[in-house]
Amino acid sequence: MKKVAMVAAAAAMVLPLGLGAIAPAMGTTTAFAATKTAAKKTTYNLKSATTLKKTAYHVKTGKPTLFSGAFAADRAKVTFAKKGTLKTGTTYYATKKVVVTTKATKKAKAKTMTCVYVKTANGKVKGWVAFGDLAAGKATKKAVVKKATKKATTKKAVKADKATGKTYTLLKAKTLKKTAYHYKAAAPAFYTGKFAADQSKVTLTKKGVLPASKTFYATKEITVKQNKKNVKYLYVTNNKTKGFVQANKLTAGAFKAAD
């Protein structure tokens with residue numbers, strides 16, 4: 001119950017009321033693999049809600065579904081309803097992010113999905129979309145690309161992704177009460193975490209190492225399958241330093257000079 005209350009409270013602070021009343025866009029597609037197309041409204045468990053720095057995105061391909069979102073006032077729940085689609089060649093700005101889970105069925109296990117709240121510069125199109133359907137950066141005017149160039153670019157992007165990030169199966173994710181940590185041995189690495197929109201996967205990409213003689217505050221914990229072992233990571237922050245760190249690299253408590 002405490003976890004539900006914490007997530008619901010976070011959603012209340014991050015997400016304004018009335019998100020369901022948004023002007024519709026046109027078109028049809030499917031954003032969530034686990035959701036039947038015929039379903040007009042679907043309710044998910046709300047795991048986390050975060051405000052983002054305004055960031056430009058564009059559609060990777062196709063026409064991903066745009067949803068309105070209604071957040072429960074007393075429970076960690078969100079109901080998505082299809083309202084239209086996004087299109088290629090348009091820049092959308094993301095300002096909020098939520099992580100939700102689908103309900104397990106007899107045929108499928110529960111899945112974790114990440115969605116972001118986006119809108120166009122003029123504010124006429126706005127709503128929630130699966131994060132995996134978007135690519136970072138503004139849309140370019142050159143929509144037509146030669147096949148050879150596109151193929152080479154794709155191979156280069158895949159190679160770069162493998163070199164900088166590793167994808168793991170996400171076993172568990174939970175919100176923590178803000179807790180202080182420090183480290184005693186060598187400075188551990190910290191990573192960005194990109195969560196898949198339609199499957200229980202997370203890609204961890206190294207950002208650097210934690211600065212020395214600092215106290216870091218953990219607010220989230222994830223467990224991943226890494227080298228056939230269950231490995232825990234804590235999401236920690238200290239001013240501009242923030243990211244996921246292996247839990248066994250940290251020691252509970254604030255940093256003291258004696259350490």
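Using the six-membered ring where Trp is involved, F255 and H182 have ring planes that are perpendicular, over 60° apart on the 30 and 60° scheme. Aromatic ring pairs are classed by plane angle as parallel below 30°, tilted from 30° to 60° and perpendicular above 60°; the pair F67 and F80 is tilted.
Contact check for N238 versus V236: no side-chain heavy atoms found under the 4.5 Å cut-off. Counting heavy atoms from C-beta on, the side chains of K97 and F131 never come closer than 4.5 Å. L234 is not listed as a side-chain neighbour of V245, based on a closest heavy-atom distance of 4.5 Å or more.
For the atom pair NZ (K194) and OG1 (T114), the distance works out to 10.0 Å, reported to the nearest 0.5 Å. One distance of note links OG1 of T237 with NZ of K240; it measures 14.5 Å at 0.5 Å rounding. For the atom pair NZ of K83 and NZ of K126, the computed distance is 7.5 Å after rounding to the nearest 0.5 Å. A distance of 11.0 Å separates CD of Q199 from CG of L170, quoted to the nearest 0.5 Å.
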**OP:** Applying side chain to side chain contact (heavy atoms under 4.5 Å, CB included), run through K77 and N45 and close with a yes or a no.
**Re:** CA-CA 5 Å; K77 300 282 185 181; N45 293 318; 2.3 Å; yes
**OP:** Go through the steps to decide whether V116 and V129 satisfy the test side chain to side chain contact (heavy atoms under 4.5 Å, CB included), and finish with yes or no.
**Re:** CA-CA 6 Å; V116 289; V129 63; 4.0 Å; yes
**OP:** Apply side chain to side chain contact (heavy atoms under 4.5 Å, CB included) to the pair L86 and V118, showing each step before the final yes or no.
**Re:** CA-CA 10 Å; L86 299 184; V118 300; 4.2 Å; yes
**OP:** Go through the steps to decide whether V59 and Y92 satisfy the test side chain to side chain contact (heavy atoms under 4.5 Å, CB included), and finish with yes or no.
**Re:** CA-CA 8 Å; V59 174; Y92 302 93; 4.0 Å; yes
Subject >> Stepwise side chain to side chain donor-acceptor pair (under 3.5 Å) test for K111 and T101 >> reply: CA-CA 5 Å; K111 295 182 178 180; T101 56; over 6 Å; no
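Heavy-atom contacts from other residues, nucleotides or ligands closer than 6.0 Å to NZ of K207 number more than 12. Enclosure of atom NZ in K172 is not indicated, since only 12 or fewer non-hydrogen atoms of other residues, nucleotides or ligands lie within 6.0 angstrom.
Every residue two or more places apart in sequence or in another chain that forms a side-chain hydrogen bond (donor to acceptor under 3.5 Å, both in side chains) with K225 is listed here: N230. For Q226, the side-chain hydrogen bond (donor to acceptor under 3.5 Å, both in side chains) criterion is met by Y233, not counting sequence neighbours.
Taking the ring axis of Y183 as reference, the NZ or CZ atom of K249 does not stay both within 45° of it and closer than 6.0 Å to the ring centre.
Donor-acceptor pairing under 3.5 Å is recorded for the side chains of K201 and T169.
Using a 4.5 Å cut-off between side-chain heavy atoms of Ile, Leu, Val, Met, Phe, Trp and Tyr, with links allowed through other members, V202 and M113 fall into different hydrophobic clusters. Tracing side-chain contacts under 4.5 Å through hydrophobic residues (I, L, V, M, F, W, Y), one never reaches L204 starting from F190; they form parts of separate clusters. Residues L66 and L134 share a single hydrophobic cluster, defined by chaining ILVMFWY side chains whose heavy atoms lie under 4.5 Å apart. In the hydrophobic cluster analysis, where Ile, Leu, Val, Met, Phe, Trp and Tyr join through side-chain heavy atoms closer than 4.5 angstrom, Y57 is grouped together with L52. F195 and V224 fall within a single hydrophobic cluster, where Ile, Leu, Val, Met, Phe, Trp and Tyr are joined by side-chain heavy atoms under 4.5 Å apart, directly or via other members.
Shown here for H58 and A136, the closest heavy-atom pair between the two residues is CE1-O, 3.4 Å. When every heavy atom of K138 is checked against every heavy atom of A56, the shortest pair comes out as CG-CB, 3.8 Å. A254 and A180 make their closest contact through N-CB, 3.9 Å (heavy atoms, listed as atom of the first residue, atom of the second, distance). Contact between K87 and T90 at its shortest, heavy atoms only, is CE-OG1, 3.3 Å. Here the closest non-hydrogen pair linking L210 and A187 is O-CB, 3.5 Å. Nearest heavy atom pair, residue G132 against residue K60, reads O-NZ, 3.2 Å.
Sorted by first and then second residue, the pairs that involve residues 210-221 and meet salt bridge (charged side-chain N to carboxylate O under 4.0 Å, His left out), not counting sequence neighbours, are K174-E221.
The ring pair (Phe, Tyr, Trp, His ring centres under 6.0 Å) with F244 is formed by just one residue from the set Y168, Y191, F216, Y235; it is Y235.
Put simply, the side chain of T179 gets close to the backbone of K177: a donor and an acceptor are under 3.5 Å apart. Side-chain atoms of N227 never come within 3.5 Å of backbone atoms of K229 as a donor-acceptor pair (strictly under, hydrogens ignored).
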